[in-house]
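What follows is a single structure, written as structure tokens, with notes after it.
Values in this document were obtained by computation on a predicted structure and should not be read as measured data. Every chain is numbered from 1, with letters handed out A, B, ... down the list of sequences.
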Amino acid sequence: AQKVTQAQTEISVVEKEDVTLDCVYETRDTTYYLFWYKQPPSGVLVFLIRRNSFDEQNEISGRYSWNFQKSTSSFNFTITASQVVDSAVYFCALRGSFGGYNKLIFGAGTRLAVHP
Amino acid sequence: DVKVTQSSRYLVKRTGEKVFLECVQDMDHENMFWYRQDPGLGLRLIYFSYDVKMKEKGDIPEGYSVSREKKERFSLILESASTNQTSMYLCASATGLRTDTQYFGPGTRLTVL
């Protein structure tokens, strides 16, 4: 079975704090892809990152970083020095080999509130 | 930039009405998807289409149907709307490549009274 778990429903931080959003996935596929999307108050999901199962290197993009660990089936997302504009719902998603089609399984999402 | 548009941001319908939600993408993508988003449940796939006139059921197809007569347009149909179909509906598109990213529209918040 394919599954994505985001155990943190809501996180509240004060601006400039670092925050980590957890994502744990389940799959039997050896080849798979993991994604993070951001949904700001406007509602449009914005793609942040895609990672394939063969690349465990951590990635950093500005204040954002991602930690992919196959040993724990986790793909965690850290925001350094958070800002109010980071307030959004963040979704982790998994794409396996669902009959070859480009289907995503989403986690329930984590709502991040960054306060001034 | 990929652009995915949805016909309405907000829609209010009555129980039993037939409802059409339209989605258009401008990037010649083969794959198109309809999700519904509910608090605490994330996004759940209703239907997807991998080519014109082709469709596949997602995880929660009951009460919905779809139509894809043209490559750029994917319609979600609620034959007889019910109150439990009140939700945010999101459309997405992607190429047929396994590696590709899905790009999302702004969503339609449907309320069924």
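If you measure heavy-atom distances from A:Q39 to chain B, the contacts under 4.5 Å come from the side chain alone. Looking at B:L41, only its backbone comes within 4.5 Å of chain A, counting heavy atoms on both sides. Residue contact with chain A, scored on non-hydrogen atoms closer than 4.5 Å, is absent for B:R109. With a threshold of 4.5 angstrom between heavy atoms, B:D38 does not approach chain A through any atom at all.
Separating the CG atom in A:L104 from the CZ atom in B:F33 is a distance of 7.0 Å, to the nearest 0.5 Å. Note that the CG atom of B:L43 and the CG atom of A:L45 stand 6.0 Å from one another [nearest 0.5 Å].
Residues A:L48 and A:L94 share a hydrophobic cluster, clusters being chains of Ile/Leu/Val/Met/Phe/Trp/Tyr side chains in contact below 4.5 Å. At a threshold of 4.5 Å between side-chain heavy atoms, the hydrophobic network of Ile, Leu, Val, Met, Phe, Trp and Tyr places A:F77 and A:I11 in one connected group. B:F48 and B:M54 fall within a single hydrophobic cluster, where Ile, Leu, Val, Met, Phe, Trp and Tyr are joined by side-chain heavy atoms under 4.5 Å apart, directly or via other members. Taking hydrophobic clusters as Ile, Leu, Val, Met, Phe, Trp and Tyr residues chained together by side-chain heavy-atom distances below 4.5 Å, B:W34 does not share a cluster with B:L45. One hydrophobic cluster, built from ILVMFWY side chains closer than 4.5 Å, cannot hold both B:Y35 and B:Y89; they sit in different ones.
Contact between A:Y37 and B:Q102 at its shortest, heavy atoms only, is OH-O, 2.7 Å.
For residues 60-69 of chain B, an interface with chain A (any heavy-atom pair closer than 4.5 Å) does not exist. Taking 4.5 Å as the heavy-atom cut-off, none of the residues of residues 16-25 of chain A approach chain B. Taking 4.5 Å as the heavy-atom cut-off, the residues of residues 106-114 of chain A that approach chain B are A:F106, A:G107, A:A108, ordered by number.
Counting non-hydrogen atoms of other residues, nucleotides and ligands closer than 6.0 Å to OH of B:Y10 gives a total of 12 or fewer. The environment of A:K70 atom NZ is dense: over 12 non-hydrogen atoms of other residues, nucleotides or ligands sit within 6.0 angstrom. Within 6.0 Å of CG on B:L113 lie more than 12 heavy atoms contributed by other residues, nucleotides or ligands. Heavy-atom contacts from other residues, nucleotides or ligands closer than 6.0 Å to CZ of B:R14 number 12 or fewer.
Remark: A:F68 pairs with A:F75 by the ring pair (Phe, Tyr, Trp, His ring centres under 6.0 Å) rule, at least two apart or across chains.
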- Please report the C-alpha distance between B:D59 and A:I105 in whole Å, then the side-chain angles of each, then the deciding distance to 0.1 Å, and finally whether the side chain to side chain contact (heavy atoms under 4.5 Å, CB included) criterion is met. CA-CA 10 Å; B:D59 300 317; A:I105 298 293; 4.2 Å; yes
